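Heads up: the structure comes next, in structure tokens.
Both backbone and side-chain heavy atoms feed into the values below; hydrogens, waters and symmetry mates do not. Everything numeric in this text was worked out from a predicted model, so none of it was measured.
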Amino acid sequence: MSMSVTSAASSVHEYTAMETREASPAHFLFTIESFSLLENCGIDKYETKEFVAGDHNWKLIIYPNGDDIVGKDGDYVSVYLAIADKTSLPGNCEVNVVFSIFLYNHNSGNYLTSLGITRRFLAIKSQWGFSKFISKKVLSDTSNGYLVDDNCVFGAEVFVVKSSAVTGCLSLKNEIHYNRDWKISNFSQLGDVWKSEEFCAGGNKWRIWLFPNGNGDATGRGVSVFLYYVGSGSVNARYTVWIKNHFSDEHIQRTTTNWFSTSSNNWGWSSFTELANMNDPKKGFIVKDCLHLDIEISVRAVEQ
């Protein structure tokens, strides 16, 4: 048998749905024998024994005739979860938990339970729960199975939300262009790769790697140029690289945009230009064994 009930949460007057489930609560079960005698004995509020969950001590507070926090609740049973020792929460210390409160159904063997809600427990607000957990009419009707032989069983699950969330921040930047240029002498003697010194652009460090005889699939066929990111986090950058022409404005230029990170720290062109084009003295890219390389970088976004 399943049923749906709505209940009001303390202080904020929210309503939450109830459901039934087969599994018993993970942290606490408490039986009240001769439940009706609570009222007869004038016990308007009962605090259960303590139980431990998430390195904290907790207890249930049960009002058999309601607590009157939300309107007139005399027709309801109110149930709250409370931190047992408020002194364990000094100053601005807080405990965030996801909790549910249970009521056993003797007929079906299932539990009526509040759907898990998240609340922040503080020294000045050390209890949360339901002013209208279940109506006394529903509870006292033995055919519903919650009160049998004047006995009822309450329970609780309390899962502390640890403050170990991964945080991040994406900072968008107004585009500011940073320029850097190099005159690379003795180009024919560079070997497999030429690496620039580290330079700063957009608050981040970079290097240029140039492969005079190509890299990867372009080896022996082209000149390869890559921009390397030297840092942590992720950076989105738009950049333009030029190999300057000594004789005219007919430079070789490439532009692209990429996300750089520690796992993808370099982007560029394996074939920036053909090797034959570069080495042709009539083209004007290498004069007196010197190559002029320029770069312009604009950092668009930074993620930490």
Please report the interatomic distance [atom1]([X]) to [atom2]([Y]), rounded to the nearest 0.5 Å.
{"X": "F35", "Y": "K136", "atom1": "CZ", "atom2": "NZ", "value": "8.0 Å"}
{"X": "T113", "Y": "I101", "atom1": "OG1", "atom2": "CD1", "value": "8.5 Å"}
{"X": "N144", "Y": "L103", "atom1": "CG", "atom2": "CG", "value": "10.0 Å"}
{"X": "N65", "Y": "I62", "atom1": "CG", "atom2": "CD1", "value": "12.5 Å"}
{"X": "I134", "Y": "L112", "atom1": "CD1", "atom2": "CG", "value": "5.5 Å"}
{"X": "Y80", "Y": "F130", "atom1": "OH", "atom2": "CZ", "value": "9.5 Å"}

I'd like to know if the side chain of [X] and the backbone of [Y] have a donor-acceptor N/O pair within less than 3.5 Å.
{"X": "S140", "Y": "K137", "result": "yes"}
{"X": "H292", "Y": "K183", "result": "no"}
{"X": "N105", "Y": "N107", "result": "yes"}
{"X": "S270", "Y": "S224", "result": "no"}
{"X": "N245", "Y": "S248", "result": "yes"}
{"X": "R221", "Y": "E274", "result": "no"}
{"X": "S261", "Y": "S234", "result": "no"}
{"X": "N204", "Y": "G202", "result": "yes"}
{"X": "S126", "Y": "A123", "result": "no"}
{"X": "R300", "Y": "A237", "result": "no"}

Give me the atom names and distance for the closest heavy-atom approach of [X] to [Y].
{"X": "S36", "Y": "D150", "result": "OG-OD2, 2.7 Å"}
{"X": "N151", "Y": "E33", "result": "OD1-CA, 3.1 Å"}
{"X": "Y46", "Y": "I43", "result": "CB-CG2, 4.4 Å"}
{"X": "E175", "Y": "S298", "result": "OE1-OG, 3.2 Å"}
{"X": "W259", "Y": "E303", "result": "CZ3-CB, 4.5 Å"}
{"X": "T255", "Y": "W269", "result": "N-CZ2, 3.9 Å"}

Carboxylate-amine/guanidinium proximity below 4.0 Å for [X] and [Y]:
{"X": "K162", "Y": "D55", "result": "yes"}
{"X": "K59", "Y": "E50", "result": "no"}
{"X": "R180", "Y": "D294", "result": "no"}
{"X": "E47", "Y": "K45", "result": "yes"}

Open item on the list: Which residue in the set R119, K125, R120 passes salt bridge (charged side-chain N to carboxylate O under 4.0 Å, His left out) when paired with E94?
Closed with: R120
TODO: With K132 as the cation and Y76 as the aromatic partner, state whether NZ or CZ is under 6.0 Å from the six-membered ring centre and within 45° of the axis.
DONE: yes
Verify the ring-centre separation between [Y] and [X]: is it less than 6.0 angstrom?
{"X": "Y111", "Y": "Y104", "value": "yes"}
{"X": "W209", "Y": "Y228", "value": "yes"}
{"X": "W182", "Y": "F199", "value": "yes"}

Joint hydrophobic cluster, [X] plus [Y], side-chain heavy atoms closer than 4.5 Å:
{"X": "F226", "Y": "F272", "value": "no"}
{"X": "L60", "Y": "V95", "value": "yes"}
{"X": "V79", "Y": "V138", "value": "yes"}
{"X": "L81", "Y": "M18", "value": "yes"}

Heavy-atom count check: over 12 atoms from other residues, nucleotides or ligands less than 6.0 Å from [X] [atom1]?
{"X": "N40", "atom1": "CG", "result": "yes"}
{"X": "N179", "atom1": "CG", "result": "yes"}
{"X": "E250", "atom1": "CD", "result": "no"}
{"X": "N277", "atom1": "CG", "result": "yes"}
{"X": "E22", "atom1": "CD", "result": "no"}
{"X": "I124", "atom1": "CD1", "result": "no"}
{"X": "W267", "atom1": "CH2", "result": "no"}

Heavy-atom side-chain proximity of [X] to [Y] below 4.5 angstrom:
{"X": "T240", "Y": "R254", "result": "no"}
{"X": "I83", "Y": "N57", "result": "no"}
{"X": "V97", "Y": "V161", "result": "no"}
{"X": "V287", "Y": "F187", "result": "no"}
{"X": "I243", "Y": "L291", "result": "yes"}
{"X": "W206", "Y": "I297", "result": "yes"}
{"X": "F285", "Y": "I252", "result": "yes"}
{"X": "L293", "Y": "I208", "result": "yes"}

Open item on the list: Which residue in the set F159, F99, F102 passes ring-ring contact (aromatic ring centres under 6.0 Å, His included) when paired with H27?
Closed with: F159
Open item on the list: I need the single residue from Y229, Y178, F260 that forms a ring-ring contact (aromatic ring centres under 6.0 Å, His included) with Y239. Which is it?
Closed with: F260
TODO: Carefully, step by step, assess D67 and S131 under the rule side-chain contact (heavy atoms from CB on, under 4.5 Å).
DONE: CA-CA 6 Å; D67 60 4; S131 181; 2.9 Å; yes
- [ ] Might you work through the side-chain contact (heavy atoms from CB on, under 4.5 Å) test for H246 and I286, ending with a clear yes or no?
- [x] CA-CA 8 Å; H246 291 254; I286 300 176; over 6 Å; no
- [ ] Using the salt bridge (charged side-chain N to carboxylate O under 4.0 Å, His left out) rule, take E157 and R21 through it: C-alpha gap first, then chi angles, then the decisive distance, then the call.
- [x] CA-CA 13 Å; E157 279 185 350; R21 84 175 202 191; 2.4 Å; yes
Open item on the list: Ring-plane angle category for F154 and F133, please: parallel below 30°, perpendicular beyond 60°, tilted otherwise.
Closed with: tilted
Open item on the list: Go through it in stages, so that I can follow the logic: the residues are L275 and V223, the test is side-chain contact (heavy atoms from CB on, under 4.5 Å), and I'd like the CA-CA distance, side-chain angles, deciding distance and then a yes or no.
Closed with: CA-CA 6 Å; L275 200 58; V223 175; 3.8 Å; yes
TODO: Might you work through the side-chain contact (heavy atoms from CB on, under 4.5 Å) test for L227 and I295, ending with a clear yes or no?
DONE: CA-CA 9 Å; L227 176 63; I295 187 170; 3.9 Å; yes
